[in-house]
Amino acid sequence: VALGARLARARPAYGLSLEGAGAGILYLTTFAAFRLYEVLPAVPAFALLVAVAGLTVWLAVRADAQPLAGLAIAGGFLAPFLVTTDGGSPALLFGYFVVLNAAIFALAWMRAWRALNALGFVFTFALGLFWGDRYYRPEHFATVEPFLVVFFLFYVTIAILYAKRESFAAKAPVDALLVFGVPLVGFALQAALVHDTRYGVAWSAVALATFYGALAAALFRRAEPGLALLARAFLALAIVFATIAVPFAADPRWTSAWWALEAAGVYWIGCR
């Protein structure tokens with residue numbers, strides 16, 4: 001990292017690559033020292049991971065370099081899967097992911113770096129899905145569910161920050177990957193967690209419909225053009241999840257009745 005910072009003035013691309021690789025190695029070393037070799041207790045290891053995340057944010061903002069942040073964040077996400085062969089503790093793994101996503105959130109607060117937001121989203125949910133497919137058991141529900149909610153809120157908020165910061169004249173004033181990908185993947189994972197619970201999927205869909213409806217109502221009052229467009233997307237998502245909730249809560253006859261009523265409402269709105 002130090003060598004890269006020194007060389008970045010004369011050879012920016014090479015220097016930034018060294019800084020990103022160095023930050024990724026720091027993630028890997030700290031996680032290995034804690035999880036694989038047990039030479040670091042939990043609290044110092046977590047503090048070091050937070051420090052490395054903070055260093056990554058500072059270096060990326062200082063150099064205004066999205067690739068640097070991307071290299072370091074990718075190395076950080078891959079570190080746990082490179083140093084361990086079992087599932088490990090979900091609380092430790094996803095707590096570590098929270099630290100990485102907090103770094104991405106801090107960068108999203110300061111920069112409209114769409115590619116970095118997408119990278120964090122893909123790594124978080126893809127690696128979470130990989131872990132869940134291999135290692136999830138019902139007794140992990142109480143640990144995993146809060147983390148899924150936290151990750152979902154992280155990326156919904158990042159999508160709002162991007163729409164607020166990005167100019168409406170830009171090619172993509174709203175990040176469609178996050179706006180539609182996060183609820184799609186998040187709801188699929190939530191459904192997998194609660195499919196054995198009576199009406200669990202239906203209540204999850206209702207909760208998402210309520211959440212997106214409240215967000216749409218709040219954003220419609222904002223003057224920024226990008227947020228107005230985002231509000232319409234959130235309203236559409238609220239309607240979609242309200243629609244999805246019906247067949248998971250009602251029998252086919254009631255489902256067809258509710259959907260027919262909704263179709264009439266949508267037709268009326270379209271005519272207006």
Side-chain angles (χ1 to χ4, degrees), residues 16-17 20-21 23-28 31 49 52-53 56-57 59-61 65-84 87-88 90 92-136 144-163 165-166 170-193 208 212 230 233-234 237 240:
L16 292 175
S17 298
I25 291 170
L26 287 174
Y27 281 124
L28 176 64
F31 194 90
L49 291 173
V52 175
T56 304
V57 170
L59 288 172
V61 173
Q66 186 175 191
L68 165 62
L71 280 171
I73 293 298
F77 273 110
L78 291 174
F81 296 90
L82 295 175
V83 300
T84 184
L92 295 177
L93 177 65
F94 294 124
Y96 173 71
F97 277 14
V98 167
V99 175
L100 295 175
N101 279 292
I104 295 171
F105 183 83
L107 288 167
W109 191 273
M110 295 177 282
R111 297 286 191 275
W113 284 349
R114 185 167 181 259
L116 182 66
N117 300 338
L119 182 73
F121 161 67
V122 170
F123 269 112
T124 298
F125 287 94
L127 294 178
L129 181 62
F130 173 80
W131 181 90
D133 180 62
R134 290 199 169 195
Y135 307 113
Y136 177 76
V144 173
E145 175 72 10
F147 283 113
L148 177 58
V149 173
V150 168
F151 295 143
F152 173 81
L153 294 176
F154 260 134
Y155 284 98
V156 170
T157 308
I158 287 173
I160 295 173
L161 288 174
Y162 179 83
R165 184 177 297 277
E166 191 58 82
K171 184 177 180 181
V174 170
D175 190 342
L177 175 65
L178 294 188
V179 171
F180 297 105
V182 169
L184 175 65
V185 177
F187 181 72
L189 292 174
Q190 174 68 10
L193 292 179
L208 281 174
Y212 277 113
L230 187 63
F234 283 166
L237 286 168
V240 166

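Only heavy atoms go into these numbers, but all of them, side chains included; no hydrogens, no water, no symmetry mates.
For the pair Phe97/Phe151, a side-chain contact is recorded, criterion being any heavy-atom separation below 4.5 Å from C-beta on. Side chains of Val57 and Met110 form a contact here, defined as non-hydrogen atoms less than 4.5 Å apart. In this structure the side chain of Leu100 reaches within 4.5 angstrom of the side chain of Tyr27, judged on heavy atoms. Residues Trp131 and Val144 are in side-chain contact: their nearest non-hydrogen atoms beyond the backbone lie under 4.5 Å apart. Looking at heavy atoms from C-beta onward, Phe105 lies in side-chain contact with Leu161 at the 4.5 angstrom threshold. Looking at heavy atoms from C-beta onward, Tyr96 lies out of side-chain contact with Leu92 at the 4.5 angstrom threshold.
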Please report, to 0.1 Å, the donor-acceptor pairs under 3.5 Å made by any side chain of residues 72-81, with sequence neighbours excluded.
none

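A side-chain donor-acceptor contact under 3.5 Å links Tyr155 to the backbone of Gly120.
Minimum heavy-atom separation, Ala233 to Phe180: CB-CZ, 3.9 Å.
Note that CG of Leu93 and CG of Leu127 are 8.5 Å apart. Values are rounded to the nearest 0.5 Å. Here CZ of Phe125 is found 10.5 Å from CG of Leu129. Values are rounded to the nearest 0.5 Å. Leu153 CG to Asn101 CG: the interatomic distance, rounded to the nearest 0.5 Å, is 11.5 Å.
Applying the ring-ring contact (aromatic ring centres under 6.0 Å, His included) test to Phe234 and every residue at least two apart in sequence or in another chain returns Tyr212.
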